[in-house]
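For reference, the structure discussed in these notes is given below.
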Amino acid sequence: MIHRLKQLLSRRPAPPDRESSYSGGQTIRREMFLIGLLCLATIAIVVVSMQSMGIYRAGMDSARERITGANRQISSYVEAHLEGLAAAVRIMAATPDVVHGDTGGEESRERARTYFRFVELSNPNVKYCYAGYEGGELLINGYTPPQDYAPRVRPWYTAAVRAWPDMKIGLPYRDIVDQEWLVAISSAFFDKSDLRGVVSVDSTLSRMDGMLNSIKSFASQSNYVINSDGLLLIHNEKTGLLERNLETIVPGAMALFTGDAGYVEYLLPGAGTRMAYFTRLKINDWIIVSAVDRDEVMAPIRSRIALTVTATALVTLLLGFLQFKTYESRFVEPFMTLKRRITDITSGKEAGRKPPSFSNAELASIADSIEGMTQSSLRRKAAELRLILETTSDGLLVLDDRDRITHYNQRFLELWGLRDEHVGEGLSGLVIGHVRGAVLPESAGSVLESRRKGRDSELIHLKTGIILEQTARPLLEDDGVTGWLWSFKDVTIKIMAEEKLRLLAATDELTGLWNRRCFMGRAEAEISQATRLRQPLCLVLLDADHFKRINDTYGHAAGDAALKYLADTLTSRLRSSDTVGRIGGEEFAILLPNTGLETARTVLEEIRTAIAQGRFTHGGKELAFTVSIGIAAMQGPRVSVDEFFSVADAACYQAKALGRNRTVVRACDGPRTDETARTQ
C-alpha cells in the first residue's frame, strides 16, 4: 500500500494546452488525494490529541481511585482497630472493680483480672491488659512486678494522666520478651474527683503490618503510618525507616499533609516522584499514607497513547488510500468520461457513450448516517448492559438448555473464587468440579437442585463463611425454556443480623441468660431427650430470699447488681451442657441433663453455700443475700413441662416455708408429685 501511494504522488500532471486560458499544476486525482489525506490527517491529529488527553486523565483518575481505595481500606481498619481497643480501655476505666482494684480486696482484684483476661481473649490484637494505681500497685495477669516497681513514673502512666480526659495512644515499641511491636492505649480513671490510677491495653501491630503489606494496588506502593510530628510509626517495607522522621527523608513533606485527607506528590530522593493519598485518623494524631511511584502509573498510560497514535496513523493512511480509490471510481472517472465526450463533440467527432450518472450523495449520506447511528446505538446499549451486569452486587450465571455456560459477570467469579476462562464449559464440569467443593456439605445438594424443586431461592453456605442466596429463573422463548439465569446474592450480613435478633429475643436483657419462653422450649426438648435415652433429668428453681428488701433499701440498681451476681455465680459453677434461665423477677431455673437427684442436690448445695457466704459490691458497699432452692428429679416416665415445673416450684416453696436458705428435692416419677420431700 505504501508503494502504491508513492506511485500516485509521483505522477506528473499532463502539460496544459498552449491555447487554453486556464492552467493548473495538479491533476484531479492527485489533488483530491492530497486534500482528502490532509483532512484525514488533521482529524487524526485532533482525535489523537483528544484520545491521548482522555487516556491520560482516565489513567490518572483510575490510579488515584486505586490509591485512595487502598488507603481508605487501611485507614478504616487501623481506626476500627484503635477504636475497639479504646472502647475496651474506656469500659475498663469505668469498671468499679478496676477503679477500686487496689482497695477493693482480693475478690475485687480477681474480678478485675478476670475482665482483663476476657479483653485479652476476646480481642486477638490485645497482648497485655493492666492497671496502675496512685498507691503504687500494678494489677496485671501472669506477672508479679518487683518490689521497687512504681507505675506512677512509667511513661504510659504519666502520659495518660497528662492527656486526661482524653485517651493517650502512645508510640509503637518493641516487647522486651519477644521483640514484637506493640502500642499502648491508656486512660486515667478517677474516683469522684480524685485520681485513682491508669488502665492500659498493649496491642500488637502484626495485623496492621499485615494489612499494610497485603493491600497494594501497585507494585511500587508503600503504605506507612506517621504521627503529626512526622515520626514513622509503621511501614510495610522493612528498610530501617521506622522511628525516623519523614522530614529527614523527604524535606518539607509534613507541610503537604494538611487537612483530614487528600492527594499529594513529593520527590523521594533517589526514587523519583511519588503520588500519595493520606488520611488523618480522628482517634489520634496518626496519618495513614499510601504512596506510588509516578513512573509506574505513567508507564501504561504512555504505552496506550503510543499504541493509539500508531493505530490512528495506520488507519489514516488506509482511509486516505480507500478514499482516493472511491473518489476516483465515483467522481474522477465520470468527469474524465464527460471530458472526453465534450472533446469529441467540439472536435466534430461522433459523440461517444453517454457518461454514467453521478452517485446520489444525499441518499448515500443518509444511509451512512443511519447505519452509523444504528451501530453507535447498539454499541451503547451493549455497553450499558455490560455495565449493568458488571456493577450489580449479585453474581450472575447464564446457561443454555444443555447446561453450558453462555455468560457470567465478574461478581460471580469473585463469590465463587473462579477464573475468567469458563464460557462454553458444561455445568457439570464447572459446578460439580469446583463450586460443590467450595460449599459446606449441607449446602452441596442445593447448588444443582434448586431449579428442579420449584423453590424461589436456596441458601448456600460457603466454606469461607459467606452465605449466598441462590435464585434460578428460566429463560423463555416461544413458550419454551432456552436456558437458565442463576443469581447469587451475598446475604451474609443479613443472615447474621437476623441471627443476632433471634439471640436477643431469646435471652434476658439484664443477665444474658435464656428468657422464660426459650427456657420452656429448652425444657421440653430436654424432657424428650431424657425420656428417649432413659437418662435422669433435674429441674431446679432458685429464688432470692427477701429480694424486695435489697430493692427497697439500696435501690433497684443494687437489685440489678444482685441479679447479675447471682447469674454469674450460676454460670461459673455449672457445666456448659446445663441450661440456666431467668424466668421471673428474682427467680431462676436450671436444667441438669443426665444428672441424678443426689448429684443435683450436692451441686446446688455448693452453689447455695457459695451465695450465702459470698458478697457483691454496689455503691461502695458489700451486700449479701441467700437463696431458696427447689429441685425436681425426673427418673421415671415422661412428664409434661408444667408437671415438672409444678414439682420444682412446690419444692422451692417448701424451702422458703422451712425458713429459706435451704435446698429441697423431690422426685417426679409421673403425674403424681406427692412423694415425700427431702430437705437439706
Side-chain angles (χ1 to χ4, degrees), residues 442 499-544 563-564 566-608 610-611 627-655 663-678 680:
E442 58 266 25
E499 289 294 332
K500 185 175 182 180
L501 289 176
R502 282 195 289 270
L503 180 60
L504 291 175
T507 56
D508 173 59
E509 182 178 0
L510 177 63
T511 62
L513 302 178
W514 294 108
N515 57 27
R516 182 181 183 89
R517 179 177 60 83
C518 292
F519 186 89
M520 297 295 282
R522 184 61 182 171
E524 183 68 40
E526 290 289 356
I527 291 173
S528 298
Q529 180 171 317
T531 303
R532 185 176 66 257
L533 300 178
R534 297 182 180 179
Q535 293 176 345
L537 174 67
C538 287
L539 170 65
V540 181
L541 291 184
L542 185 147
D543 192 271
L563 293 176
K564 292 179 183 177
L566 179 54
D568 292 341
T569 302
L570 293 177
T571 54
S572 65
R573 290 177 173 269
L574 292 172
R575 303 169 300 180
S576 59
S577 59
D578 300 331
T579 303
V580 185
R582 182 186 175 196
I583 60 174
E586 65 272 17
E587 188 175 9
F588 293 76
I590 307 169
L591 284 169
L592 302 174
N594 197 19
T595 303
L597 185 145
E598 292 300 328
T599 302
R601 179 168 57 183
T602 301
V603 171
L604 268 300
E605 264 301 285
E606 292 176 356
I607 292 176
R608 182 190 64 78
I611 295 171
V627 294
S628 297
I629 302 174
I631 305 175
M634 189 185 79
Q635 299 174 326
R638 177 190 177 111
V639 296
S640 67
V641 174
D642 291 338
E643 291 171 346
F644 210 7
F645 267 78
S646 177
V647 175
D649 186 62
C652 184
Y653 180 83
Q654 185 176 359
T663 302
V664 173
V665 295
R666 289 193 176 189
C668 183
D669 296 328
R672 296 179 56 84
T673 60
D674 56 352
E675 290 82 1
T676 303
R678 286 177 290 174
Q680 187 71 25

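We're numbering straight along the sequence, starting at 1. A quick note: this is a predicted structure, and the numbers were derived from the prediction, not measured.
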Results of side chain to side chain contact (heavy atoms under 4.5 Å, CB included) for Ala530 - residues two or more places apart only | Leu537, Met634
Just by modelled atom types, is the Asp642 backbone N or O under 3.5 Å from a matching donor or acceptor in the Ser646 side chain?
-> no
Rounded distance [0.5 Å steps], CZ in Phe645 versus OG in Ser640 | 10.5 Å
Which is it for Leu539 and Leu591 under the side chain to side chain contact (heavy atoms under 4.5 Å, CB included) test, yes or no, and what are the steps along the way?
-> CA-CA 5 Å; Leu539 170 65; Leu591 284 169; 3.8 Å; yes
Please walk me through it: do Glu605 and Arg601 pass salt bridge (Lys or Arg N to Asp or Glu O under 4.0 Å)?
-> CA-CA 6 Å; Glu605 264 301 285; Arg601 179 168 57 183; over 6 Å; no
From the options Thr511, Thr507, Asp508, select the one residue that forms a side-chain hydrogen bond (donor to acceptor under 3.5 Å, both in side chains) with Arg582.
-> Asp508
Who pairs with Glu524 by salt bridge (charged side-chain N to carboxylate O under 4.0 Å, His left out), at least two apart in sequence or on another chain?
-> Arg638
State which residues pass salt bridge (charged side-chain N to carboxylate O under 4.0 Å, His left out) with Arg573; sequence neighbours excluded, sorted by chain then number.
-> none
Side chain to side chain contact (heavy atoms under 4.5 Å, CB included) assessment of Asp649 paired with Glu587 | CA-CA 10 Å; Asp649 186 62; Glu587 188 175 9; 4.1 Å; yes
Using a 4.5 Å cut-off on heavy atoms from C-beta on, say whether the side chain of Leu597 contacts that of Pro536.
-> no
Would a 4.5 Å heavy-atom cut-off, applied to side chains only, mark Leu574 and Leu592 as touching?
-> yes
Any chance you could lay out the side chain to side chain contact (heavy atoms under 4.5 Å, CB included) test for Trp514 and Val580, step after step, and finish with the verdict?
-> CA-CA 7 Å; Trp514 294 108; Val580 185; over 6 Å; no
Could you tell me whether the side chain of Phe588 reaches within less than 4.5 Å of the side chain of Leu513, counting heavy atoms only?
-> yes
Does the pair Ile629 and Val540 meet the rule for a side chain to side chain contact (heavy atoms under 4.5 Å, CB included), with working shown?
-> CA-CA 7 Å; Ile629 302 174; Val540 181; 3.5 Å; yes
To the nearest 0.5 Å, what is the distance between CD (Glu526) and CZ (Phe519)?
-> 9.0 Å
For Asp578, check side chain to side chain donor-acceptor pair (under 3.5 Å) against everything at least two apart and list the hits.
-> Arg575
Value rounded to 0.5 Å, distance of CZ in Arg608 from CG in Leu542 = 10.5 Å
Would you call Val603 and Glu598 a side-chain contact if the rule is heavy atoms closer than 4.5 Å?
-> no
Got a second to check how far Thr595's OG1 is from Gln535's CD, nearest 0.5 Å?
-> 9.5 Å
Any Val664 side-chain heavy atom under 4.5 Å of Ile631 side chain | no
For residues Ile590 and Leu604, determine if any side-chain heavy atom of one lies less than 4.5 Å from a side-chain heavy atom of the other.
-> yes
Is any side-chain heavy atom of Gln654 closer than 4.5 Å to a side-chain heavy atom of Arg666?
-> yes
Thr579: partners by side chain to side chain donor-acceptor pair (under 3.5 Å), with sequence neighbours left out | none
Side chains of Val627 and Leu566: closer than 4.5 Å at any heavy-atom pair?
-> yes
Side chain Ser572, main chain Asp568, donor-acceptor under 3.5 Å = yes
So which pairs with a foot in residues 534-543 pass salt bridge (Lys or Arg N to Asp or Glu O under 4.0 Å), sequence neighbours left out?
-> Asp543-Lys656
